[in-house]
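Read the numbers this way: they start at 1 and go in the same order the structure lists the ligands and their atoms.
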Amino acid sequence: MNHQFPPEFLWGTATAAHQVEGNNANSDFWVMEHLPDTVFAEPSGDAIDHYHRYREDIALLASLGFNSYRFSVEWARVEPEDGRFSTAALDHYRRMCEACLAHGLKPVLTYHHFTSPRWLIAQGGWQDMDMAAKFARYSQKVTQHLGDLAEMVCTINEVNIPRMSAMLWMAGGPGETFIRQSAHALHTTPQQFAPFMFAGTAEARDVILAAHHQARAAIKAERPSLPVGLTIAMSDMQALPGGEEVRDRMRHELQDVFLEAAREDDFVGVQTYTRERYGAEGILGPEEGVELTQMDYEFWPQAIGATLRRAHEVADVPLIVTENGIGTEDDERRLAYYEAALQTVAACLQDGLDVRGYFAWSAFDNFEWLLGYRPTFGIITVDRCTQQRTVKPSARWLSAVAMANRP
Ligand code: BGC
């Protein structure tokens, strides 16, 4: 694994505010987590209290030899009411950037990672074209405040996940009672209920892409040299004989339209966990005999190589692996996953692909959305009673690779 990566390659880990900070109480997710008939396994609660412990966490990540850290700025904290910005919240994220830089970590910021302020959902959420301008206004504010310290900005995390969710995993929606209760609690109607994750219509896709494009313009107006991109959830979509047509159609709808929309960006963030197989009838389950992860995904580390090649083919812009990892209790399998995955990334580089960084998901075991704290993606484990952090062997292994490849 030594010396196969360019000296300026970004080596890092990633987190998202809601999954680690704790008490993100002004967000839509917080509301949905606390409904009587919630579909969440448990509420996020204190999470791993990263909001208060970021200094130690950043120091720990730096001690492992990484040179970058990807984290998200929480819109619900920065703009607690429509048009009202919190300087204190912006200062918090500025201090995080400063802590990163003081430890030699380049801050890669995400401006939206699934959660939104409550007020946005009351106004129609991610289905209402007016929100794009609001997201751009928020992006401009954040850039004004932190842009000088950021290495690059991902506007929206996994722009295609709502569409994937609607077409693959939650066809029919998350359940009538849950939607009714959520809509009521978030001051909207079931018809207009559109938190990011549940905004799966074609119209919402256009809103999401407009939000990205308007935010990009706002960020560039503030700081033209700051690299801006979006990130895409990309599984390696494989076709079995006879499944080519369905796969191509689904891939166009779920990945290509988003990659095409990123052609003017400075980079695309590729986020990959596994592969999906398609037959003539549509998506197939896991192949018999292939090991499954805690998410019931196939253990398929080589997927990242395939998705990088696909992203290159369609978007043809510089690429960054903004997330790659595995939910498992068995850290030996995590290590094996990273080893195999990084080999395919190295092969992409050898073939001339412009891959600029690799961020393991995730720095810490954290709140895995609907599934709560059960799936463990971290290279560092956290005892949520004492908040004590313990480095796993996979982190040591990644650390050795990062250090061997750094100047
Ligand atoms: C998301 C993360 C999530 C991870 C693992 C990605 O879709 O960006 O927030 O924790 O996958 O499921």
>> Please confirm whether the ring centroid of F114 lies under 6.0 Å from the ring centroid of W369.
In response: yes

> Would R53 and D46 pass as an ion pair if we require N to O under 4.0 Å?
Replying inline: no

>> Check D354 with R356, please: is the shortest side-chain N to carboxylate O separation under 4.0 Å?
In response: yes

> Are the ring centres of F66 and W11 closer than 6.0 Å?
Replying inline: no

> Applying a heavy-atom distance cut-off of 4.0 Å, which protein residues contact ligand 1?
Replying inline: Q19, H113, F114, N157, E158, Q271, Y273, M295, E323, W361, E368, W369, F377

> Quick check: does any side chain N or O of D28 sit under 3.5 Å from a backbone N or O of S116, one acting as donor and the other as acceptor?
Replying inline: yes

> Which pairs with one or both residues in residues 305-314 pass salt bridge (Lys or Arg N to Asp or Glu O under 4.0 Å), sequence neighbours excluded?
Replying inline: D256-R310, R309-D351, R310-E313

